[in-house]
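Below: the structure, in structure tokens.
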Amino acid sequence: MEKQEHYAEFRLRVRDFLDHHLTPDLRRAGRLMTSVFADFEATMAWHRILFQQGWVAPDWPQEYGGTGWDIQERYIFQEECKLANAPSLLPMGLQMLGPMLIRYGTAEQKEFYLPRLLSGEDVWCQGYSEPGAGSDLASLKTSAVRDGDIFRINGSKIWTSYAQHSNRIFCLVRTSKEGKPQQGISFILVDMDAPGIKVDPIVGLDGRVEQCQVFFDDVEVPVANLVGEENQGWTVAKYLLEFERGGHNFTIDLKKQLGKLHRQMAETRGINGASLETYPVLGSRLADLEIDALAVEYTELRIKGANSAGENPGALSSMVKLVGTELGQAFNELSLDVLGPAVAPCQLEALEPCYDGDIVGPRYALTAMAEYINNRASTIYGGTAEIQRDIIAKQVLGL
Amino acid sequence: MEKQEHYAEFRLRVRDFLDHHLTPDLRRAGRLMTSVFADFEATMAWHRILFQQGWVAPDWPQEYGGTGWDIQERYIFQEECKLANAPSLLPMGLQMLGPMLIRYGTAEQKEFYLPRLLSGEDVWCQGYSEPGAGSDLASLKTSAVRDGDIFRINGSKIWTSYAQHSNRIFCLVRTSKEGKPQQGISFILVDMDAPGIKVDPIVGLDGRVEQCQVFFDDVEVPVANLVGEENQGWTVAKYLLEFERGGHNFTIDLKKQLGKLHRQMAETRGINGASLETYPVLGSRLADLEIDALAVEYTELRIKGANSAGENPGALSSMVKLVGTELGQAFNELSLDVLGPAVAPCQLEALEPCYDGDIVGPRYALTAMAEYINNRASTIYGGTAEIQRDIIAKQVLGL
Amino acid sequence: MSIELTEEQKMLQDSAERYLKNSYDFDQRQAASRSAKGFSDERWAQFAEMGWLAMPLPEEHGGFGFGAMEIMLLAEQMGRYLVVEPFLETVVVGGGLLARGATTALAERYLPAVAEGQLQVALAHGEEGKHASMINTATTAVDEGAHCRLNGVKSVVANGDQADVFIVSARLVGAGNSAVTLFAIPADAEGVERRGYPTYDGRRACELTLRNVVVGPEAVVGGRGSAEYLLDRVALDAQLAACAEVIGGMAALVEATQDYIGQRKQFGKTLSSFQVLRHRMADMYVQLELTRSLMLAAASSLAGEEGDAARLISALKARTVKAGRFVSQNAIQLHGGIAMTDELSIGHYFKRFAVLESWFGNRDFHLQRFRELQSVA
Amino acid sequence: MSIELTEEQKMLQDSAERYLKNSYDFDQRQAASRSAKGFSDERWAQFAEMGWLAMPLPEEHGGFGFGAMEIMLLAEQMGRYLVVEPFLETVVVGGGLLARGATTALAERYLPAVAEGQLQVALAHGEEGKHASMINTATTAVDEGAHCRLNGVKSVVANGDQADVFIVSARLVGAGNSAVTLFAIPADAEGVERRGYPTYDGRRACELTLRNVVVGPEAVVGGRGSAEYLLDRVALDAQLAACAEVIGGMAALVEATQDYIGQRKQFGKTLSSFQVLRHRMADMYVQLELTRSLMLAAASSLAGEEGDAARLISALKARTVKAGRFVSQNAIQLHGGIAMTDELSIGHYFKRFAVLESWFGNRDFHLQRFRELQSVA
């Protein structure tokens with residue numbers, strides 16, 4: 001009971017902070033998100049505010065700049081931020097590289113990179129995938145050849161989110177062709193302003209640029225930038241991949257989507273002139289999805305329970321990634337059914353937080369199509385839905 | 001147009017015949033079907049009536065006892081019989097063995113077996129599957145060892161429908177262990193009263209016996225009973241399997257199921273006291289299934305068109321088997337949703353056409369659970385749903 | 001929400017699991033199911049001895065006073081081992097209604113007997129040609145001052161074939177649906193006639209006819225017009241138990257199918273070497289675990305008498321039906337023909353799930369109720 | 001039902017296929033889509049030259065007088081090659097409404113120009129905040145004797161950005177929904193204001209504002225109060241065309257995905273060596289072919305003006321949306337990240353399907369209409 005009160009109080013403290021620091025412009029940037037990324041400027045502005053407050057990396061150990069919150073507090077913080085429409089922070093540095101450096105980095109690496117990452121001075125992107133190697137990371141070809149104190153890197157990385165805004169990139173590169181494909185891979189940190197790097201934006205299906213292809217042409221990187229042992233990058237990468245899979249909290253996303261859907265149904269009128277929320281068929285479909293979202297929520301709670309009890313949550317993470325993403329897609333489809341023709345107008349400029357012109361159609365319909373489009377990627381990146389099922393069959397069921 | 005009139009007239013002729021010859025008892029047997037088989041006695045009574053009329057084997061060439069009807073007439077006949085609740089005839093002889101003997105049998109075999117099959121004097125069952133060899137027919141082990149003018153058969157067959165009522169069985173047996181597994185298989189005709197044959201009934205999930213396991217213990221069969229060449233049985237069997245897949249008409253079954261569902265919805269009352277046919281959610285689900293059934297209907301028409309134009313309908317047959325069976329199962333599920341607790345009572349005796357006692361609950365609910373149960377087999381026999389998808393991927397898409 | 005079990009609860013779970021695993025094999029289950037009674041008296045006595053039948057009943061009438069969590073744990077294990085004995089009907093529903101509604105005298109007459117395994121109870125509420133409806137009933141009770149006179153026909157009364165006492169819903173004549181009342185009526189009362197029969201899940205039910213059955217005021221359970229309230233409340237426990245039973249059964253099916261496809265060979269390979277079948281198994285597992293999460297949440301909420309318990313129970317039922325169909329149908333599909341026989345347990349889970357689907361409202365009913373309860377919140 | 005094509009129809013199909021295959025490549029499509037107009041005048045002129053724009057228009061006004069089958073054949077090929085030119089809007093809907101409803105003078109003014117590719121038409125019917133509704137409209141027309149005065153705002157007017165003529169639905173003031181009437185209004189009429197924008201399917205639409213737009217009696221299409229009847233009828237052709245477009249697109253996606261997974265390697269094997277992906281492809285193919293069967297049936301019924309045409313069209317629309325989602329989503333899934341880019345055509349089919357979903361009523365609307373039409377039959 002005392003614990004409950006403590007958490008309730010914590011929640012109020014977070015809300016109070018958000019009331020004072022999350023500006024209307026930042027909230028707008030959060031509302032306009034149509035993928036896992038928010039507008040870059042707004043994201044970094046919010047990053048700096050949280051850094052000032054000391055809340056930018058709640059998941060990190062306290063000695064490195066974490067908050068010391070327990071799992072429940074972190075969840076509350078995350079939930080309050082999302083529901084208040086704070087822009088999501090970039091996960092590449094805070095969620096991926098940070099924990100990895102803390103685990104595998106040298107003292108010098110930690111000392112140099114972690115503070116710059118926390119303050120927002122460094123913006124990182126992730127160089128894993130390559131053209132020709134999608135889900136099959138082990139087949140990557142970008143090479144790093146040792147030459148005295150440097151590696152010379154040649155090749156190309158693709159699906160590099162926000163590379164156009166980043167000043168650094170962490171990469172998996174091939175440092176040896178011997179042994180199994182996994183064995184000759186190393187993990188290395190690269191400055192984006194090094195000569196020989198070129199960044200080509202990739203226009204997404206929604207018409208905007210989130211991802212890039214990054215080319216490396218004889219790029220020289222000091223050997224000191226290696227993280228972990230040479231040729232042991234696969235271990236580091238696997239750690240990150242699991243983190244990418246398990247670290248996300250689907251319940252909060254689904255709750256946000258659900259809120260939108262309720263709004264869309266309430267505001268749209270159907271054939272008999274009544275609000276669509278009175279339509280039994282749509283209502284029944286929504287209830288079905290909503291129940292599945294509840295099941296995801298309680299499954300995430302079970303995982304948290306297992307985590308805090310020091311148990312291995314096993315493939316429950318793969319399960320939540322699988323169900324959470326497919327359910328999110330089902331919510332998107334229902335949005336289309338609810339909104340009808342209003343989803344068609346493509347108003348890219350109106351999706352920028354700084355836009356202050358008129359928009360076409362109702363505001364609650366503005367992001368629906370872009371979300372429907374972009375969310376298709378959720379069952380592809382971070383291990384496709386098919387790979388998640390392979391993992392469950394193998395790791396849980398032993399098949 | 002003239003053709004249309006011809007078919008309309010043909011339909012009337014069939015109806016007239018059914019009005020006069022399909023007795024109430026036989027119709028009851030048809031209504032009480034809960035699987036692809038009707039009550040045995042009723043089935044054979046109807047078989048003999050159709051034989052008298054010369055209509056027992058419309059699909060056979062006229063010289064062997066067929067009717068000479070075109071594809072449309074055969075469809076009309078089948079449809080009228082089903083919708084009038086005629087018991088289905090046994091397919092093992094008429095649909096499977098007959099066409100096969102006509103194609104591969106010797107003159108003597110045809111002369112001896114076909115008339116007895118038509119008249120109903122012989123009742124055939126099919127000995128393909130074995131314990132341990134489900135979908136993988138080529139791995140069958142029942143052996144037939146040549147010994148002068150006879151084969152000596154040892155082994156066992158399973159899922160032999162209506163073996164308990166049959167006086168003959170056609171079998172796939174292993175006559176050689178050399179080469180590929182498919183190569184040493186032969187097709188042979190066996191008398192069920194031969195010494196060494198034992199028939200064990202298998203109680204089905206619905207509590208009734210349709211299938212058996214048949215044991216062969218040194219059963220002697222004349223070499224003359226071989227159909228096709230020795231060790232070439234696989235070719236014969238494949239012909240039959242394709243026939244089994246393509247020969248069935250799913251549209252008629254689905255129409256009959258749809259009729260039942262409409263009745264069940266109309267008669268059952270829901271929470272507000274109104275007939276369930278006014279419930280939008282159920283209505284929407286039914287409409288969805290009904291539209292899929294229409295799509296199956298028009299696909300079967302396309303196949304017929306391709307057949308009569310001499311084209312190869314390709315894997316459209318696999319597609320119709322796949323969709324037709326899965327759709328039938330969806331109808332069964334909807335029946336359960338509509339009827340609720342009324343499906344629970346298990347009244348095996350009331351499913352016999354001769355039963356004249358009271359039944360528990362409404363008559364339109366009597367068969368629903370047994371149909372739900374038995375129809376699960378439809379995606380298993382004749383090539384599982386998974387095998388159909390393999391076939392489509394391989395044969396149509398070349399994957 | 002806390003979804004961790006107490007030490008006591010873990011012990012109950014373990015002991016139930018151990019007992020059923022060691023002593024409740026499928027062949028004996030089938031033999032009991034086919035006997036005239038449809039279950040085993042001996043087993044029932046053992047259940048009583050282990051205290052299972054007393055578990056949720058009030059302490060003042062011979063029970064242990066436990067709640068939703070314990071019901072869930074027991075039902076889950078019973079589901080896993082396909083128990084045919086009428087725990088849900090007699091203890092959860094019958095016991096639950098009497099514990100909540102019976103006068104002290106009535107409770108004292110029946111509840112200790114339930115706890116000791118001496119009395120079978122059946123709720124007689126459903127009627128022919130309608131369903132999903134918790135309250136509208138055509139059975140009537142005419143108030144004749146000192147007593148009531150009941151007439152009507154009740155349909156598919158679960159455990160009705162063996163019940164010693166029926167709890168019958170009837171509408172007080174002239175007083176509308178709000179006056180539907182529950183009456184406890186001994187099976188041997190004059191005018192009570194039952195026709196027993198087996199149901200597809202290997203159990204027995206009955207059609208119950210009441211012809212001028214006269215009952216005194218002491219037979220009223222929960223006061224006049226309280227049937228809806230009482231049934232709604234007890235339905236929560238009953239649904240939890242039914243869903244836990246299905247979840248236990250799904251766990252058994254997932255395990256059995258996993259084993260089977262790991263061993264069975266087709267086309268020279270084990271079935272588990274086919275990716276499509278491995279993914280199907282993964283989906284079955286996912287359905288099971290998602291539903292289990294909801295079960296734990298609903299049980300915890302119900303145990304704490306929390307405001308969202310009814311909504312979570314409806315969510316659980318809707319989800320369990322979907323998951324139960326998927327898992328049991330695919331367990332059959334992956335086993336192939338052999339699972340279509342009476343001999344293997346696989347298909348019996350499938351049939352039990354099918355019968356439980358519409359018990360106290362089917363999936364459509366609970367999807368709708370879930371929405372209604374939500375719009376209130 | 002005859003679902004065989006005549007020789008003439010086969011020729012039309014072949015020539016459309018050949019022309020588009022050879023001359024309508026994806027890069028040019030993208031360039032046209034991104035141009036200010038949103039499509040290519042040159043292409044449009046070629047379509048006119050080949051007679052496609054005249055195909056379903058009446059012979060007395062410069063058309064060829066063909067019907068549903070020809071519309072289906074052309075739309076299917078246009079779908080296959082992702083054509084952005086507004087055939088549906090200008091010819092099928094605009095031409096269809098004018099051919100059925102316009103006075104001879106009006107028809108003669110507009111239809112030959114449509115057939116020759118000189119005139120763009122757009123139906124302005126939908127309004128903000130409601131959908132699936134064929135007839136209720138807030139736009140008003142006040143009858144002032146010699147002319148009518150229109151006021152209102154129309155939303156997401158497909159092809160509205162380039163239309164020379166709008167066909168606007170408006171309710172005659174004081175006469176209820178039964179008095180909704182269509183008016184043909186030149187885009188340059190006084191009081192007509194449009195705001196054009198791109199839509200996610202690579203086309204352009206507009207918001208249309210009418211402020212005291214005055215039109216004479218000759219502008220009425222189909223007589224007063226006939227909007228519902230006319231729209232319902234033309235919607236049948238429009239839905240057939242939209243569904244055929246999606247079916248053509250699905251065929252392209254099935255082929256492209258089939259090729260891709262046969263070649264692309266992951267984990268040292270081609271993607272097609274994964275059974276799960278092969279089965280997914282099989283399901284995509286099945287969805288395509290089932291829907292195609294329904295399309296042929298619906299087109300044939302509509303061409304023969306048969307009584308069940310409307311019911312079959314609703315069935316087709318409901319099924320096409322389901323199939324289109326499944327096929328386009330899985331085409332992306334099987335291609336992986338590359339299909340999430342603007343560069344590949346795969347995702348553009350997906351977006352076009354998404355926009356067509358709600359054109360003239362979405363899946364839910366047509367499931368319901370299918371039921372209603374059935375209960376009449």
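Letters A, B, ... are given to chains in the order of the sequence lines, protein chains preceding strands, and every chain is numbered from 1. Everything numeric here is computed off the predicted structure, so don't read it as measured data.
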Does any backbone or side-chain atom of [X] lie under 4.5 Å from a heavy atom of chain A? Answer side chain, backbone, both or neither.
{"X": "Q275(C)", "answer": "side chain"}
{"X": "R363(C)", "answer": "side chain"}
{"X": "Q368(C)", "answer": "neither"}
{"X": "I261(C)", "answer": "side chain"}

Minimum heavy-atom separation for [X] to [Y], with atom names?
{"X": "L294(A)", "Y": "R311(C)", "value": "CD1-NH2, 4.4 Å"}
{"X": "S293(C)", "Y": "R302(A)", "value": "OG-NH1, 2.9 Å"}
{"X": "M319(A)", "Y": "Y285(C)", "value": "SD-CE2, 4.1 Å"}

Distance in Å, [X] [atom1] paired with [Y] [atom2], rounded so as to fall on 0.5 Å steps:
{"X": "E386(A)", "Y": "H279(C)", "atom1": "CD", "atom2": "NE2", "answer": "7.0 Å"}
{"X": "Y298(A)", "Y": "S300(C)", "atom1": "OH", "atom2": "OG", "answer": "8.5 Å"}
{"X": "L296(C)", "Y": "L301(A)", "atom1": "CG", "atom2": "CG", "answer": "10.5 Å"}

I need the residue from D364(C), L290(C), T270(C), T291(C) with the largest number of non-hydrogen atom pairs under 4.5 Å to chain A.
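Looking at each of D364(C), L290(C), T270(C), T291(C) in turn, L290(C) comes out on top.
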Is D288(A) salt-bridged to R319(C), going by a charged N under 4.0 Å from an acidic O?
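Salt bridge between D288(A) and R319(C), a charged N being under 4.0 Å from a carboxylate O: no.
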I'd like to check L316(C) versus I291(A) (side-chain heavy atoms, cut-off strictly below 4.5 Å). Are they in contact?
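In short, these two side chains do not touch, never coming nearer than 4.5 Å.
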